[in-house]
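Beneath this line is the structure, given in structure tokens, with notes to follow.
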Amino acid sequence: MALQALGPRVWPRLSQFKPPVLRIPGSETLYVKSRHWLGQSQPQGPGLRTRLLITALFGAGLGWAWLAARAEKEQWRQQQRMEALRQAAVGQGDFSLLDHKGQPRCKADFRGQWVLMYFGFTHCPDICPDELEKLVQVVQKLEAEPDLPLVQPVFITVDPERDDVAAMARYVQDFHPRLLGLTGSKEQVAQASQNYRVYYSAGPKDEDQDYIVDHSIAIYLLNPDGLFTDYYGRSRSAEQIVDSVRQHIAAFRSILS
Amino acid sequence: MAAPSMKERQVCWGARDLYWRCLDDNAEDAARCRQLRSSFEASCPQQWIKYFDKRRDYLKFKEKFEAGEFQPSQSTENS
């Protein structure tokens with residue numbers, strides 16, 4: 001370099017100079033190491049490193065603040081959802097019906113239990129018996145597992161005109177000892193069906209006043225909080241339903257104290 | 001009129017299955033299966049017989065449809 005070219009006579013005089021100083025606003029003063037003076041080329045070592053460090057710390061701080069704000073928003077949203085679910089658990093899907101022993105029942109009576117519910121009618125040619133058989137198979141398979149809670153099977157009629165308490169009692173006994181039949185007045189059944197979005201429509205009567213009721217076919221799963229959790233159509237086998245119910249039971253966290 | 005019990009249902013379904021098997025074996029020739037038809041009609045409520053007849057029609061139609069018997073006609077293809 002030029003300094004060296006000046007030769008040894010210049011060197012002692014130059015050595016009295018103080019080493020150059022780097023000032024960065026807002027931070028402490030940095031001294032370039034004396035090695036630079038000796039003419040060895042150095043990258044802007046500590047200066048750049050420190051600047052990168054400060055930038056990284058600042059970025060990390062911003063990132064942390066953003067994550068914290070996001071977590072807080074998520075928590076608030078979760079709380080809102082829990083509140084809405086709590087209200088739904090009490091009010092939604094309620095029914096006021098008579099069981100096949102003549103006792104009045106409403107949804108709150110099943111709090112704390114898993115419920116598998118099916119809507120049908122006793123004069124049904126084949127679909128209701130098939131679906132109820134499937135439902136009972138599911139309940140029996142789940143009963144066989146000792147660490148699972150008992151699931152309550154429920155059958156609700158969509159034909160209140162013919163399916164009174166006695167008819168329901170005769171019907172359910174053929175399936176499972178714990179199968180509970182529910183019936184009521186036309187208004188009560190209409191209310192219950194509406195709450196579960198079940199369609200039903202009585203067909204034309206024939207000569208012996210017999211008729212078939214067209215209705216939506218689904219097995220509904222309610223959790224112990226009384227909330228609608230899942231539904232199973234005709235295409236699902238008993239095994240598939242058992243797997244699904246088992247998963248729901250494992251994942252369940254109560255929102256009602 | 002009380003609903004059929006489980007036993008009565010199973011009798012009805014058995015009679016229906018026999019009748020339907022006869023129809024399957026005889027290419028839907030109802031004349032050959034008249035005896036099974038009358039035992040079927042005796043075992044099941046009238047509404048159910050109508051229902052099962054409609055169901056059979058539907059199942060046969062579905063078989064034909066899935067076999068590809070119903071194709072869009074040439075004349076309507078470009079309309």
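Below, read A as the first sequence line, B as the second, and so on, with proteins coming before strands; counting in each chain starts at 1.
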Just wondering, are more than 12 heavy atoms of other shown residues or ligands nearer than 6.0 Å to [atom1] in [X]?
| X | atom1 | answer |
| --- | --- | --- |
| B:Gln35 | CD | no |
| A:Arg178 | CZ | yes |
| B:Arg55 | CZ | no |
| A:Gln75 | CD | no |
| A:Arg246 | CZ | yes |
| A:Arg234 | CZ | yes |
| A:Gln80 | CD | yes |

Exercise. Between the side chain of B:Trp48 and the main-chain N/O of A:His123, is any donor-acceptor distance below 3.5 Å?
Worked result: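 Between the backbone of A:His123 and the side chain of B:Trp48 there is a qualifying donor-acceptor contact (under 3.5 Å).
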For this session: Examine distances only and state if a side-chain atom of B:Trp13 and a backbone atom of A:Pro125 form a donor-acceptor pair shorter than 3.5 Å.
Result: yes
For this session: Measure distances from A:Phe175 to the heavy atoms of chain B and classify the residue's part below 4.5 Å as side chain, backbone, both or neither.
Result: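 Just the side chain, heavy atoms under 4.5 Å.
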Exercise. Heavy-atom distance under 4.5 Å to chain B: side chain of A:Asp163, backbone, both or neither?
Worked result: neither
Exercise. What is the minimum heavy-atom distance between B:Ala2 and A:Arg170, and which atoms define it?
Worked result: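 Heavy atoms only, the tightest pair is CB-NH2, 3.9 Å.
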Exercise. Can you name the nearest heavy-atom pair linking A:Tyr211 to B:Gln47, along with the distance?
Worked result: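 Heavy-atom minimum between the residues: CA-OE1, 3.4 Å.
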Exercise. Hey, does A:Asp208 have a side-chain heavy atom less than 4.5 Å from the side chain of B:Gln46?
Worked result: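 Of all side-chain heavy-atom pairs linking A:Asp208 with B:Gln46, at least one is under 4.5 Å.
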Exercise. Any side-chain heavy atom of A:Asp174 sitting closer than 4.5 Å to one from B:Arg9?
Worked result: yes
Problem set entry | Side chain, backbone, both or neither of B:Lys50 within contact of chain A (heavy atoms, under 4.5 Å) |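 Answer is side chain: those atoms of B:Lys50 sit under 4.5 Å from chain A.
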